[in-house]
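The chains referred to below are lettered A, B, ... by the order of the sequence lines, with proteins before strands, and numbering in each begins at 1. What you see is a predicted model; the values in this text were computed from it and never measured.
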Amino acid sequence: MIDINFLRAEPEKVRDLLKIKNYDLKIDLFRDIDSERKTLQVLVEDLKGQKNNLSKEFGELKKNNQDTSELSNQLKEIKKRLEEKEDSLNTILSGLRDFLLDIPNIPHKDVEPGSSEEDNKVIRTFGDIQKKDSIDHLDISSDIDIESAVKIAGSRFAVLNNDIAKLHRALISFMLDIAEKNGYEERYVPYIANSKSLVGTGQLPKFEDDLFKVSDDLYLIPTAEVPLTNLFADSLLEKDSLPAKVTSHTPCFRSEAGSYGKDTRGLIRQHQFEKVEIVQVVHPEKSDEALEDLLSNAEEVLQLLELPYQVVQLCGGDLGFSSSKTYDIEVWLPSQNKYREISSCSNFTDFQSRRSKIRLNDDGHKVHPHTLNGSALAVGRTLIALIENLYDEKELILIPKPLQKYLNKEVIKVK
RNA sequence: GGAGAGUUGGCUGAGUGGUCGAAAGCGCCUCCCUGCUAAGGAGGUAUACGGGUAACUGUAUCGAGGGUUCGAAUCCCUCACUCUCCGCCA
């Protein structure tokens with residue numbers, strides 16, 4: 001949620017800043033709602049004040065055994081008006097809330113305009129692209145079993161067998177250990193979250209269609225960002241507890257509504273996938289450097305695995321709803337002959353902390369700290385990248401040295 | 001699933017219909033005293049949202065939501081959560 005006071009003070013500025021994100025802020029609508037809110041709020045609070053005062057008088061009269069009938073009538077009158085006006089106020093307030101919850105985060109000053117992925121800027125690359133046009137992971141290993149998954153749950157799921165399942169599991173431990181080495185505390189968290197948490201991190205109310213709903217108010221998490229960030233919800237953090245750095249491995253569940261026909265083959269886009277997420281909560285002045293730090297933590301995983309990748313900075317049009325600045329890490333996939341997203345590292349500034357009521361005691365001033373997160377990394381896509389990049393074209397996948405001890409193997413035989 | 005107890009400010013914890021935004025303690029801040037990493041004394045110290053240039057001031061908040069009442073932290077109902085016991089269970 002953006003700061004309503006900023007919006008009140010400089011609506012044109014906010015509107016212009018959001019244009020870069022292709023969001024059309026309705027300033028006039030906001031002004032109308034907010035001024036009606038103000039009128040009604042002043043009126044309602046005044047009526048309540050009158051009611052409180054008269055009730056006190058009423059008590060006095062009662063105590064002295066005096067006649068209360070006149071006061072009683074006045075009170076009835078006020079209560080009637082109050083009820084009406086309060087209803088109107090509540091309607092306005094919930095409208096205002098909906099309006100505010102719909103507004104995306106303001107992009108960072110570094111963010112450049114652009115309408116889509118095409119306009120993202122490559123920041124750096126790592127490693128050499130060794131192979132092109134090779135066969136894809138499904139053709140390399142028959143231990144990725146899509147058909148069985150279809151039988152169990154339908155499309156966009158997978159069953160992994162034997163060494164591929166173990167490699168998948170090894171990657172998770174490997175990534176968690178790197179995160180721990182980099183100062184993130186490990187957490188085991190719920191894989192289901194309530195709507196309040198999802199509103200806090202920004203998935204709701206706008207993107208309900210992307211989620212799997214399991215009951216009235218509960219959803220499968222689309223990312224560990226939700227539980228990890230909400231660990232801090234409704235709390236007042238002390239300055240010396242920052243930066244707070246946490247990590248978790250979780251499955252992630254995404255309905256992938258609207259992506260029909262996209263990435264239908266293989267593990268690239270699944271309803272369920274594993275991810276190791278890293279989250280930081282930092283002092284507002286430290287989030288720029290924290291994002292670079294977090295990004296480097298994610299890159300480290302790919303470097304150790306010797307997988308070629310590039311880092312891109314997202315342009316305004318490609319930036320997520322809650323993010324002010326995002327770097328994507330894209331790993332090279334030989335079968336697709338291109339780089340594909342394997343991590344997304346974002347600075348959410350105070351957007352999430354305002355929604356989740358995360359506060360920081362900054363020398364007596366209560367401020368909203370900044371939250372950041374990134375994948376380090378998406379496990380399924382890392383698995384694909386490993387298989388495709390490290391397949392020796394014979395029947396072996398060559399396991400990178402740092403990963404070997406997690407697997408107790410130097411190579412995996414395939415087919 | 002059954003029975004009971006609870007949920008109060010940054011923390012601990014009192015408060016069973018108005019004088020309660022709420023005792024007391026802890027913590028924190030300011031000052032005083034003390035020449036020494038201590039002790040003591042005085043005062044201050046919730047949050048959110050409004051109105052006002054400001055001093056200041058209004059409203060709301062005692063788990064959440066409803067109800068009773070002129071008036072609710074306090075009474076009633078529903079729900080959530082915590083704890084204890086029983087049952088069940090990985």
note = Taken to the nearest whole Å, CG/A:Asn90 to P/B:rA60 is 13 Å

task = Run the ring-centre check on A:Phe212 versus A:Phe253 and record whether the distance is less than 6.0 Å.
result = no

message = Using atom C1' in both nucleotides, what's the gap between B:rU8 and B:rG63 to the nearest angstrom?
response = 10 Å

query = Stepwise, does the side-chain hydrogen bond (donor to acceptor under 3.5 Å, both in side chains) test hold for A:Thr201 with A:Gln203?
reply = CA-CA 6 Å; A:Thr201 34; A:Gln203 285 79 15; 2.7 Å; yes

ask   = According to the interplanar angle, ranging from 0 to 90°, do the rings of A:Phe99 and A:Phe30 count as parallel (below 30°), tilted (30 to 60°) or perpendicular (above 60°)?
value = parallel

key: Partner of A:Arg187 by side chain to side chain contact (heavy atoms under 4.5 Å, CB included), out of A:Thr247, A:Leu228, A:Thr250   = A:Leu228

message = In whole Å, I'd like the distance from the CG atom of A:Leu82 to the P atom of B:rU59.
response = 12 Å

ask   = When rounded to the nearest Å, what value does the distance between P atoms of B:rG71 and B:rA48 take?
value = 29 Å

ask   = Would you say the side chains of A:Ser324 and A:Asn105 form a donor-acceptor pair under 3.5 Å?
value = no

message = Using the C1' atom as the point on both nucleotides, what is the distance between B:rG17 and B:rC76, in whole Å?
response = 13 Å

So which protein nitrogen or oxygen atoms get under 3.5 Å of nucleotides 48-53 of chain B's nitrogens or oxygens?
from   : atom 1 : to      : atom 2 : distance (Å)
B:rC49 : O2'    : A:Gln41 : NE2    : 3.2
B:rG50 : OP1    : A:Arg8  : NH1    : 2.4
B:rG50 : OP1    : A:Arg8  : NH2    : 2.8
B:rG50 : O4'    : A:Gln41 : NE2    : 3.3
B:rG50 : O3'    : A:Arg37 : NH2    : 3.4
B:rG51 : OP1    : A:Lys38 : NZ     : 3.0

key: Euclidean distance for P, B:rU69 against B:rG52 (whole angstrom)   = 37 Å

message = Applying the side chain to side chain contact (heavy atoms under 4.5 Å, CB included) criterion to A:Ser343, which one of A:Ile329, A:Leu294, A:Val276, A:Leu302 satisfies it?
response = A:Ile329

query = What integer distance in Å separates A:Lys76:NZ from B:rU69:C1'?
reply = 12 Å

ask   = So, A:Thr229 and A:Asn373: side-chain donor and acceptor under 3.5 Å apart, yes or no?
value = no

ask   = Are A:Glu77 and A:Asn73 close enough that a side-chain donor and a side-chain acceptor fall under 3.5 Å?
value = no

message = Quick check on ring-ring contact (aromatic ring centres under 6.0 Å, His included): which of A:Phe207, A:Tyr23, A:Phe348 does A:Phe321 satisfy it with?
response = A:Phe207

Touch class at under 4.0 angstrom, heavy-atom based, for A:Asp46 against every strand present = nothing

ask   = Nearest-Å distance, CG (A:Asn52) to P (B:rU19)?
value = 11 Å

ask   = Can you tell me how far C1' in B:rG18 sits from the matching atom in B:rU74, rounded to whole Å?
value = 11 Å

task = For B:rA73 and B:rU68, measure between their P atoms and round to the nearest Å.
result = 16 Å

message = Identify the stems formed by RNA chain B, where each pair is Watson-Crick or G-U wobble with both distances under 3.5 angstrom and a stem is at least 3 consecutive pairs.
response = B:1-7 with B:80-86, B:10-12 with B:24-26, B:27-32 with B:40-45, B:46-51 with B:56-61, B:63-67 with B:75-79

query = Of A:Leu25, A:Ile27, A:Ile33, which meets side chain to side chain contact (heavy atoms under 4.5 Å, CB included) against A:Leu29?
reply = A:Ile33

query = B:rG17 C1' sits how many Å from A:Glu60 CD, rounded?
reply = 15 Å

Spacing of the C1' atoms in B:rA39 and B:rG58 (rounded, Å) = 44 Å

request  = Return the value, rounded to whole Å, for the distance between atom CG of A:Asp240 and atom P of B:rG10.
outcome  = 18 Å

inquiry  = I'd like the P distance from B:rC28 over to B:rC77, given in whole Å.
reply    = 43 Å

ask   = Whole Å only: how far is the CD atom of A:Glu83 from the C1' atom of B:rG67?
value = 13 Å

Report all interatomic pairs (protein N or O, nucleotide N or O of nucleotides 70-74 of chain B) with separations under 3.5 Å.
from   : atom 1 : to      : atom 2 : distance (Å)
B:rC70 : O3'    : A:Lys79 : NZ     : 3.4
B:rC70 : O2'    : A:Ser55 : OG     : 2.9
B:rC70 : O2     : A:Ser55 : O      : 3.4
B:rG71 : OP1    : A:Lys79 : NZ     : 3.0

key: Sole candidate of A:Asp263, A:Asp136, A:Asp328 that passes salt bridge (charged side-chain N to carboxylate O under 4.0 Å, His left out) when paired with A:Arg340   = A:Asp263

ask   = Are A:Asn194 and A:Ser197 linked by a side-chain donor-acceptor pair shorter than 3.5 Å?
value = yes

task = Let me know the distance between CG of A:Leu236 and P of B:rC28, rounded to the nearest Å.
result = 15 Å

